[in-house]
Amino acid sequence: MTPYMSRRAALKAGGAGLAAYFVETAVGAAPAHAGAATARDLSLALRGKVLLPGDPDYDAERVGFNTLVQHHPNAIVMVESARDVATAVGVGARIGWPIAVQTTGHGVSVPADGALLINMRGLTGVNIDAGARTATISGGVRWRDVVAAAAPVGLLPPVGSTSNVGAVGYVTGGGVPIMGRTYGYAADRVRSIDLVTLDGRLRRLSATREPDLFWAVRGGKSNFGAVTAFEIDLLPQAQVYAGNLTFPAASAEEAFRAYVRWTEGVSDQLTSVATFLRYPDVPQVPPQLRGVFVLLIRIVYVGSARDGAAEIAALRALGPSADTVAEIPVDQVDTVFSVPTTPGATPTASGLVGGLSDDGVATILAAVGPGVTLPAGFVEIRHMAGAFGRGPSTANALGHRDAEFLVFISNTVPDTVAPEPVEQAQQRIVGQLGPVLTGGRVPTFLGPLDTSVEAVRSAYDPAGWNRLLKIKKTWDPRNLFRINHNIR
Ligand SMILES: Cc1cc2nc3c(=O)[nH]c(=O)nc-3n(C[C@H](O)[C@H](O)[C@H](O)COP(=O)(O)OP(=O)(O)OC[C@H]3O[C@@H](n4cnc5c(N)ncnc54)[C@H](O)[C@@H]3O)c2cc1C
């Protein structure tokens with residue numbers, strides 16, 4: 001094909017021909033605005049639209065849930081099919097623009113400036129196989145759509161604290177479900193993945209097909225390509241015994257000490273989180289709670305209400321000021337964490353913890369307990385181990401399986417306030433927690449401030465990191481999939 005083939009000829013040649021035309025005009029002819037002009041031509045090869053800076057929907061589609069990172073891609077491809085994804089990746093690869101993928105923007109990392117951004121939210125298919133207890137989930141689906149489809153047939157997807165996040169972003173980062181001590185990491189239960197690699201080919205990955213890539217994508221995030229669909233196990237559970245025990249500041253320290261000791265004896269059917277929460281002092285919060293500190297112990301028991309009640313009896317005996325733990329249908333699991341669904345600038349920090357001695361508990365209380373005034377937001381101490389520690393039958397890139405707890409710090413900052421002081425407060429907390437942190441992290445909880453090589457490497461075991469580097473070199477030697485927590 002010549003660099004100046006006509007649009008008509010390119011259209012006739014189909015997706016690949018048009019992609020080549022797009023590249024040749026953009027790179028070969030190189031008129032001043034070739035990239036922008038030909039990006040519009042790309043739209044002719046797609047079912048979905050291409051948005052360029054200045055287009056009416058461009059801003060709405062580039063801004064994600066976490067507004068801390070504002071990016072300005074060269075073009076946004078609104079894909080509507082796996083074929084669209086393959087065309088977009090192929091074009092991005094030939095032009096040499098970095099290729100970014102976004103579903104909801106909950107998991108932002110580095111800005112996609114100068115990139116070809118593939119917006120996945122048009123890939124919305126969910127298929128539940130009630131007999132096999134699996135879901136096949138398209139690349140732009142949020143967990144809430146899987147919950148809605150699975151709950152009526154008595155199945156529970158491995159959802160995290162909010163079903164508002166994208167299923168692929170969550171699973172490729174590991175995915176820490178609210179029933180994870182029973183189920184394991186979400187990535188541990190993935191059966192197959194459909195991935196578009198840099199050569200623009202759609203590949204089905206499984207334990208037997210492209211096993212190296214299958215290992216890497218389950219934990220290695222979006223470093224290896226764009227996921228158009230995946231298949232995952234569901235739990236046969238129509239209801240869970242779940243809710244919160246609330247302890248006010250006056251009894252929070254005693255309750256947290258008791259909680260940590262209690263976790264040593266609980267069954268793997270019980271997953272729990274101790275949340276140190278400071279309500280924001282804003283009109284949307286009831287007056288009696290504004291600026292107030294509480295300790296919430298969040299409970300998710302996969303089993304009968306009677307057995308669940310027996311497991312948490314020791315916590316109830318501490319006399320919480322509120323107790324919402326009860327049997328709830330699976331489609332109400334979001335009520336356990338009540339995570340806000342309004343976008344905002346949200347710095348986060350995280351880390352893994354080994355076993356907690358009395359000194360370790362004291363370290364946590366000194367850093368984030370009721371005696372410390374922290375910015376509005378929460379510090380979670382999530383109980384891990386159980387199925388998290390056992391690993392899947394087909395190994396994946398996730399490491400640090402010996403962690404006992406996970407710390408996740410999140411503060412949403414109002415638009416009118418600079419985020420830097422909150423980021424500094426989070427780093428101070430991480431510093432104070434140093435004696436209990438292992439230095440490891442979980443990929444899914446890497447945030448916008450964790451984009452250094454050291455931070456990303458800390459989310460894997462050393463051998464796993466070296467293997468990820470090798471696989472990255474094979475499948476993305478130019479590191480075009482680098483708008484993420486980058487393996488480099
Ligand atoms: C309030 C809050 C609560 C959370 N709770 C939990 C929790 O309980 N458990 C847990 O494990 N995590 C939790 N997370 C983390 C969350 O799962 C990750 O941020 C996840 O990456 C979000 O995915 P997304 O698609 O919604 O976000 P996006 O920002 O759109 O994507 C995040 C990453 O995934 C990549 N990606 C998205 N879609 C695709 C695709 N189709 N193909 C290839 N790559 C893709 C993106 O390129 C990006 O690198 C929470 C996050 C927030 C903000």
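First listed ligand is number 1; within each ligand, the first listed atom is number 1. In what follows, residues are counted from 1 in the order of the sequence shown. Basis for what follows: all heavy atoms, side chains included, without hydrogens, waters or symmetry-related copies.
- At under 3.5 Å, not a single nitrogen or oxygen of Phe408, backbone or side chain, sits near a nitrogen or oxygen of ligand 1.
- Judged by the shortest distance from any of its heavy atoms, Phe445 lies inside the 4.0 Å radius around the atoms of ligand 1.
- Contact annotation for Val176 and ligand 1: heavy atoms of both the backbone and the side chain come within less than 4.0 Å of the ligand.
- From the protein, the heavy atom lying nearest to atom 19 (O) of ligand 1 is Gly107 CA, 3.2 Å.
- Checking His106 against Asn66 by side-chain atom types alone, no donor-acceptor pair falls below 3.5 Å.
- For the pair Ala226 and ligand 1, a heavy-atom separation below 4.0 Å is found.
- Checked by atom type, the side-chain pair Ser350/Arg441 shows no donor-acceptor distance below 3.5 Å.
- Ligand 1 has an N or O atom lying under 3.5 Å from an N or O atom of Ser222, backbone or side chain.
- Those atoms of ligand 1 with a heavy atom of Gly105 less than 4.0 angstrom away are 27 (O), 28 (P), 29 (O), 30 (O).
- Looking at Asp268 and Arg181, a side-chain N of the basic residue comes within less than 4.0 Å of a carboxylate O on the acidic one, giving a salt bridge.
- Atom numbering of ligand 1 starts at 1 in the shown order; those under 4.0 Å from a heavy atom of Gly139 are 41 (N).
- Heavy atoms of Val168 found under 4.0 angstrom from ligand 1 belong exclusively to the side chain.
- Aromatic ring orientation, Phe293 versus Phe276: tilted (interplanar angle from 30° to 60°).
- In the vicinity of Val339, heavy-atom distances shorter than 4.0 Å reach the ligand 1 atoms 1 (C).
- Thr172 OG1 to Arg218 CZ: the interatomic distance, rounded to the nearest 0.5 Å, is 12.0 Å.
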- Message: I'd like to know whether Asn119 forms a side chain to side chain donor-acceptor pair (under 3.5 Å) with Gln102, so could you lay out the CA-CA distance, the side-chain angles of the two residues, the decisive distance to 0.1 Å, and finally the verdict.
- Response: CA-CA 5 Å; Asn119 186 316; Gln102 181 167 300; over 6 Å; no
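- Of the candidates Asn66, Thr341, Thr444, the one placing a heavy atom closest to atom 18 (C) of ligand 1 is Thr444.
- With respect to atom 52 (C) of ligand 1, the closest heavy atom belonging to the protein is His106 CD2, 4.0 Å.
- Residue-ligand proximity, Met120 to ligand 1, at heavy-atom distances under 4.0 Å covers atoms 41 (N).
- Shortest contact from atom 37 (C) of ligand 1 to any protein heavy atom: Thr103 OG1, 3.6 Å.
- Judged by the shortest distance from any of its heavy atoms, Gly225 lies inside the 4.0 Å radius around the atoms of ligand 1.
- At least one heavy atom of Gln102 lies less than 4.0 angstrom from ligand 1.
- Under the 4.0 angstrom criterion for non-hydrogen atoms, Gly175 is in contact with ligand 1.
- Residues Thr246 and Asn244 have side chains that never bring a donor and an acceptor to within less than 3.5 angstrom of each other.
- Between Asp188 and Arg401, at least one side-chain N (NZ, or NE/NH1/NH2) sits under 4.0 Å from a carboxylate O, which counts as a salt bridge.
- The CZ atom of Arg482 sits 10.0 Å away from atom CZ of Arg488, with the distance rounded to the nearest 0.5 Å.
- Interface of Gly160 with ligand 1, defined as ligand atoms under 4.0 Å from a residue heavy atom, comprises 7 (C), 8 (O).
- Atom numbering of ligand 1 starts at 1 in the shown order; those under 4.0 Å from a heavy atom of Val108 are 29 (O).
- Of the protein's non-hydrogen atoms, Tyr170 CE1, 3.3 Å is the one closest to atom 10 (C) of ligand 1.
- In this structure, the protein non-hydrogen atom closest to atom 5 (N) of ligand 1 is Ser161 OG, 2.8 Å.
- Taking the six-membered ring where tryptophan is involved, the planes of Tyr259 and Phe256 are essentially parallel, since the angle between them stays under 30° and well short of 60°.
- Under a 4.0 angstrom heavy-atom cut-off, Thr172 registers as lying outside contact with ligand 1.
- Among Thr104, Val85, Val101, the residue whose heavy atom lies nearest to atom 46 (C) of ligand 1 is Val101.
- Environment of CZ in Arg204: sparse, with no more than 12 heavy atoms of neighbouring residues, nucleotides or ligands closer than 6.0 Å.
- Of all protein heavy atoms, the one lying nearest to atom 34 (O) of ligand 1 is Gly169 CA, 3.4 Å.
- Within a 6.0 Å radius of CZ in Arg201, other residues, nucleotides and ligands contribute 12 heavy atoms or fewer.
- Remark: distances from the non-hydrogen atoms of Ser109 to ligand 1 are all 4.0 Å or more.
- Under 4.0 Å is where a charged nitrogen must lie from a carboxylate oxygen, and between Arg144 and Asp334 no such pair does.
- Between Phe445 and Phe408, the ring-plane angle classifies as tilted under the 30° and 60° cut-offs.
- Ligand 1 has at least one atom lying under 4.0 Å from a heavy atom of Arg382.
- The ring of Phe388 has its center closer than 6.0 angstrom to the ring center of Tyr185.
- Using a cutoff of 4.0 Å between basic side-chain nitrogens and carboxylate oxygens, Asp461 and Arg457 are not scored as salt-bridged.
- Within ligand 1, the atoms closer than 4.0 Å to a non-hydrogen atom of Val165 are 26 (O), numbered from 1 in the order shown.
- For the residues Val227, Val141, Thr162, the heavy atom positioned nearest atom 42 (N) of ligand 1 is part of Val227.
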